[in-house]
Number of protein chains: 2
Amino acid sequence: MLTIGTLAKRTGTKVQTIRYYEQIGLMPEPGRTEGGQRRYGNAELDRLAFIRHSRQLGFPLDAIRELLDLSDAPDRPCHEADEIARRQLKLVEQRMRRLKALRAELKRMVKECSGGKASQCRVLEVLRDHSECLTEHDQIGT
Amino acid sequence: MLTIGTLAKRTGTKVQTIRYYEQIGLMPEPGRTEGGQRRYGNAELDRLAFIRHSRQLGFPLDAIRELLDLSDAPDRPCHEADEIARRQLKLVEQRMRRLKALRAELKRMVKECSGGKASQCRVLEVLRDHSECLTEHDQIGT
DNA sequence: CTTGAACCTAAAGTTGCTAGAGGATGTAGC
DNA sequence: GCTACATCCTCTAGCAACTTTAGGTTCAAG
């Protein structure tokens with residue numbers, strides 16, 4: 001019988017995150033002690049490890065939910081899992097391309113910083129000027 | 001005199017986002033018409049362009065705030081701006097390294113999918129198994 | 001039996017926006 | 001001057017995926 005803290009340590013998750021996963025139905029409601037504390041078994045440990053590994057690969061929680069469902073139903077065809085993975089791969093490659101462009105521009109900025117006053121600073125100048133960059137008006141970050 | 005919609009179009013921002021920037025103090029409170037609609041000048045257009053370009057480079061709003069302050073004080077030494085840019089560059093490089101590892105693992109998963117049933121699916125198997133991957137217990141996504 | 005680490009719930013905060021409701025304004029054409 | 005109607009306004013809530021805080025309870029070791 002594992003406490004939530006042990007589960008957390010073993011999977012590199014925060015305790016609160018585990019409770020959050022329970023809240024949104026990604027982890028099952030575990031058994032409790034008389035005093036009301038959660039106690040887990042190995043099945044839960046495995047499930048959480050699956051979730052965390054998937055998160056580390058960047059899968060959103062919704063996709064993980066689907067993957068867990070598939071994982072629980074061994075007779076269903078697996079092309080759905082494959083689909084999800086391919087989609088994720090595409091996203092990752094998109095982000096990589098974007099980051100590459102960003103890195104190039106940041107490198108240029110840093111390299112050309114005069115080290116003098118803000119008024120001559122290339123960093124600020126480059127930020128002020130859109131014209132040299134790929135003006136894709138879309139989202140970043142995620 | 002520019003309306004908020006014009007400003008939005010010119011900078012590739014949504015109208016609500018501009019109002020949001022105003023709310024958090026990143027954009028100044030502009031003048032208003034008698035009826036209460038916002039009217040902007042070119043200074044505001046430039047400022048917004050600066051913000052958007054910085055966001056496209058992945059700078060968080062806090063960093064942009066600092067950069068704007070620097071930009072407003074031309075006599076301050078620019079090494080702070082340089083610092084911020086370097087920090088950002090480091091973050092970007094970190095993310096790139098991480099994404100590269102992810103891509104490799106995703107590619108492997110996709111390649112080895114048998115196309116059969118979920119019970120033999122490598123995608124699910126790989127997700128179940130942490131041992132082959134760099135088990136860095138830290139955040140992803142951002 | 002005491003101490004203190006680890007547990008509990010519930011609610012709010014984080015980042016950077018986006019979306020919707022419900023209504024007011026501005027401007028172009030007639 | 002009047003009517004459409006695109007655009008503007010405020011306010012509130014929502015998104016992902018958690019994290020933090022507050023205020024209290026339980027468990028296990030010594």
Side-chain angles (χ1 to χ4, degrees), chain A residues 1-27 29-40 44 48 50-68 87-88 91 95 98 137-142, chain B residues 1-27 29-40 44 48 50-68 88 91 95 137-142:
Chain A
M1 286 296 122
L2 310 164
T3 66
I4 196 170
T6 313
L7 212 63
K9 241 168 249 163
R10 296 251 188 106
T11 57
T13 317
K14 299 214 169 160
V15 166
Q16 293 100 313
T17 306
I18 300 176
R19 290 200 278 251
Y20 167 72
Y21 286 160
E22 181 183 328
Q23 204 181 297
I24 61 169
L26 209 56
M27 287 291 288
E29 289 185 23
R32 302 267 186 155
T33 62
E34 273 189 36
Q37 298 195 355
R38 291 168 178 82
R39 287 300 123 93
Y40 295 93
E44 282 98 330
L48 184 55
F50 185 101
I51 295 171
R52 292 313 291 176
H53 192 189
S54 303
R55 285 295 296 134
Q56 276 174 17
L57 288 170
F59 290 96
L61 292 182
D62 275 1
I64 297 175
R65 221 184 280 270
E66 285 184 72
L67 289 167
L68 279 166
R87 211 186 306 144
Q88 184 58 20
L91 272 177
R95 274 185 222 166
R98 226 177 140 59
H137 282 331
D138 59 9
Q139 222 140 296
I140 47 96
T142 51
Chain B
M1 286 297 124
L2 310 164
T3 66
I4 196 170
T6 312
L7 212 64
K9 242 167 248 165
R10 296 250 188 108
T11 57
T13 316
K14 298 217 167 159
V15 166
Q16 292 103 311
T17 305
I18 300 175
R19 290 200 278 252
Y20 167 73
Y21 286 160
E22 181 183 328
Q23 205 182 296
I24 62 170
L26 209 57
M27 286 292 286
E29 288 185 25
R32 303 266 185 154
T33 61
E34 275 190 34
Q37 298 195 355
R38 291 168 179 81
R39 287 301 122 94
Y40 296 92
E44 283 98 330
L48 184 54
F50 184 102
I51 295 171
R52 292 312 291 178
H53 192 188
S54 303
R55 284 295 296 135
Q56 277 174 16
L57 288 170
F59 290 95
L61 293 182
D62 274 1
I64 296 174
R65 222 184 281 270
E66 284 183 70
L67 288 166
L68 279 166
Q88 183 59 19
L91 270 178
R95 276 183 221 168
H137 281 331
D138 60 10
Q139 222 140 298
I140 47 93
T142 48

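Every chain is numbered from 1 and lettered A, B, ... according to where its sequence line falls, protein lines coming before strand lines. These numbers come from a predicted model, not from an experiment.
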Is there a side-chain contact between [X] and [Y] in this structure, where contact means two heavy atoms from C-beta onward sitting under 4.5 Å apart?
X       : Y       : answer
A/Leu61 : A/Arg55 : yes
B/Arg52 : B/Thr17 : yes
B/Arg10 : B/Leu7  : no
A/Leu48 : A/Met27 : yes
B/Arg38 : B/Ile18 : no
A/Arg65 : A/Leu68 : no
A/Thr11 : A/Ile51 : no

**Message:** Counting only side-chain nitrogens and oxygens, does B/Arg38 get under 4.0 Å of the OP1 or OP2 atom of D/dC9?
**Reply:**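 Affirmative; the distance criterion is met.
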Measure the distance from [atom1] on [X] to [atom2] on [N] and round it to the nearest whole Å.
X       : N      : atom1 : atom2 : value
A/Ile24 : D/dC18 : CD1   : P     : 8 Å
B/Gln56 : C/dC17 : CD    : P     : 11 Å
A/Arg32 : C/dC7  : CZ    : P     : 13 Å
B/Ile51 : C/dC17 : CD1   : C1'   : 14 Å
A/Leu7  : C/dC7  : CG    : C1'   : 14 Å
A/Gln16 : D/dA22 : CD    : P     : 14 Å
B/Tyr40 : D/dC9  : OH    : C1'   : 12 Å

Below 3.5 Å between N/O atoms, which protein atoms pair up with nucleotides 11-17 of chain D? Just atom names and distances, please.
| from | atom 1 | to | atom 2 | distance (Å) |
| --- | --- | --- | --- | --- |
| D/dA17 | OP2 | A/Leu61 | N | 3.3 |

**Request:** Look at all strands and tell whether B/Ile4 reaches a base, only sugar-phosphate, or nothing, counting heavy atoms closer than 4.0 Å.
**Result:**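 The answer is sugar-phosphate, as B/Ile4 gets under 4.0 Å only of primed atoms, P, OP1 or OP2.
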Pairwise N/O distances under 3.5 Å, protein to nucleotides 27-30 of chain D:
| from | atom 1 | to | atom 2 | distance (Å) |
| --- | --- | --- | --- | --- |
| D/dC27 | OP1 | A/Thr33 | OG1 | 2.7 |
| D/dC27 | OP1 | A/Gly35 | N | 3.2 |

**Prompt:** Can you tell me if B/Glu44 uses its side chain to pair, donor with acceptor, with the backbone of B/Pro30 under 3.5 Å?
**Reply:**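 Side chain of B/Glu44 to backbone of B/Pro30: no pair is present.
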**Message:** Quick check against the 3.5 Å criterion: does A/Gln37 have a side-chain atom that pairs as donor or acceptor with the backbone of A/Thr3?
**Reply:**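 No; judged by distance alone, with no hydrogens or angles, the pair does not exist.
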**Asked** Counting side-chain heavy atoms from CB outward, which of C/dT18, D/dT19, C/dT9 is closest to A/Thr17?
**Response**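 Looking only at side-chain atoms, A/Thr17 lies closest to D/dT19.
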